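Down below is the structure, laid out as structure tokens.
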Amino acid sequence: MGNKGLRYAISDGFIGLKRHPMVLILSITTMLIMLSLLASFVVFAFNANAVLKEAGEIPPVEIQFELGVDSESVVNLAKQFDANENIVEYKVMSPADNMADFIKLMDKDGLFDEFDYEKHIPWTILLRLKDPQLGQAFKSEVMQYPGVYDVMMETALMSTLESAIQTVSLVSFVVFLILLIVSVMVINNMIRIIALSRSNELSIMKTMGATDLYIHIPFVIEGLFVSLIASVLSLAVILSAYHFLLKRIEAGFIADSLLPVSQLALPVILVVLVLGLLVGGLTSYFSVKRYIRV
């Protein structure tokens, strides 16, 4: 097939879109719903990971030292953490640091001017473990160190974070697979209806020597067009709705952890456009091959 034939086949694909306007509208509408669900879930998955990451940055383990312990003992213990591969990060907090955080939390700067924090506030070390399951063993080990008063662990938080990350990953895969199958079925049904309505025309074209590629191209164009229009519309709806949500949502930990539209737009656009066009093109091609023996 030469360039002229290719141009004619592509042109015939766009002409074919006008032959079945109701089928076209129904296909775009159905694909719009499916891709909007996909875009919504991509937004959810990215934000869920962002919230979990933000929550994971809160050190769930706090080592509290006895009052009056010398700073050298604290620093020596902290140095041992540098070689501990099970510790993601740690932060040494002096009594002054802890007092400053407390005043900031209370938002009462002048209320504690005469408070002798060195006699009442201990040294602490905040840290995160790589594996929440190591919590009890880590606590038993650190409690043997001189000057350590207690090791407080948010074991429930650590277990919840680990479970949440696994759940989000699994749900992401399952939902993605379901939406992919539904999208394939939508395009497949559209091409089936169009192909069957043009079966006599295509049989004549085949008899006159039209190649398989020439016959397939118009259907692929129609599938790509439906996917492109549905993708653009779904992206406009979801990103606009997400932008509106960010402006209306109340401040708080979850609100502060949500990704801005500028950071989320590119991955959502890539996923929806690539998947939509890929599904539309490939499904259209194989649907013609299945429903019409060309």
Side-chain angles (χ1 to χ4, degrees), residues 6-50 168 171-195 197-198 213 216-249 258-288 291:
L6 179 61
R7 288 195 301 269
Y8 184 82
I10 295 175
S11 175
D12 189 49
F14 287 104
I15 294 174
L17 293 170
K18 304 176 183 178
R19 299 175 180 174
H20 305 278
M22 294 305 299
V23 174
L24 177 64
I25 293 174
L26 180 60
S27 300
I28 291 178
T29 303
T30 310
M31 280 291 292
L32 172 61
I33 295 173
M34 294 301 104
L35 290 176
S36 294
L37 290 174
L38 175 62
S40 300
F41 185 76
V42 171
V43 170
F44 166 78
F46 273 88
N47 275 301
N49 287 327
V168 168
V171 172
S172 299
F173 175 78
V174 172
V175 173
F176 176 82
L177 187 61
I178 292 174
L179 293 178
L180 178 62
I181 294 174
V182 173
S183 299
V184 169
M185 293 174 61
V186 170
I187 294 292
N188 181 71
N189 287 332
M190 182 196 73
I191 297 300
R192 177 178 181 272
I193 293 172
I194 296 175
S197 67
R198 297 175 58 187
L213 179 60
H216 280 81
I217 286 178
F219 291 95
V220 174
I221 294 297
E222 292 173 19
L224 290 175
F225 179 83
V226 168
S227 299
L228 179 61
I229 296 300
S231 298
V232 172
L233 291 176
S234 65
L235 288 171
V237 170
I238 297 304
L239 292 179
S240 297
Y242 182 68
H243 178 72
F244 178 82
L245 175 65
L246 289 180
K247 287 186 172 297
R248 295 294 184 271
I249 196 170
L258 294 178
L259 298 173
V261 177
S262 58
Q263 187 175 345
L264 197 61
L266 182 59
V268 174
I269 290 174
L270 288 177
V271 170
V272 173
L273 277 181
V274 171
L275 182 63
L277 293 176
L278 189 63
V279 170
L282 292 179
T283 305
S284 299
Y285 179 84
F286 288 108
S287 294
V288 177
Y291 291 110

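The structure presented is a predicted model; accordingly, all values stated were derived computationally and were not measured.
Not counting sequence neighbours, the partners of V261 by the side-chain contact (heavy atoms from CB on, under 4.5 Å) test are Y242, H243, L246. Remark: L224 pairs with V220, L277 by the side-chain contact (heavy atoms from CB on, under 4.5 Å) rule, at least two apart or across chains. The side-chain contact (heavy atoms from CB on, under 4.5 Å) test applied to S234 returns L32, L35, S36, V272, not counting sequence neighbours.
With hydrogens and angles ignored, the 3.5 Å screen pairs a side-chain donor or acceptor of S227 with a backbone N or O of G276.
With rounding to the nearest 0.5 Å, the separation of CG in L235 from CG in L270 is 9.5 Å. To the nearest 0.5 Å, the span separating CG on L233 from CG on L228 amounts to 9.0 Å. Atoms CZ and CG, on F46 and L264 in that order, are 7.0 Å from each other to the nearest 0.5 Å.
A 4.5 Å side-chain heavy-atom check between I238 and V268 finds every atom pair outside the cut-off.
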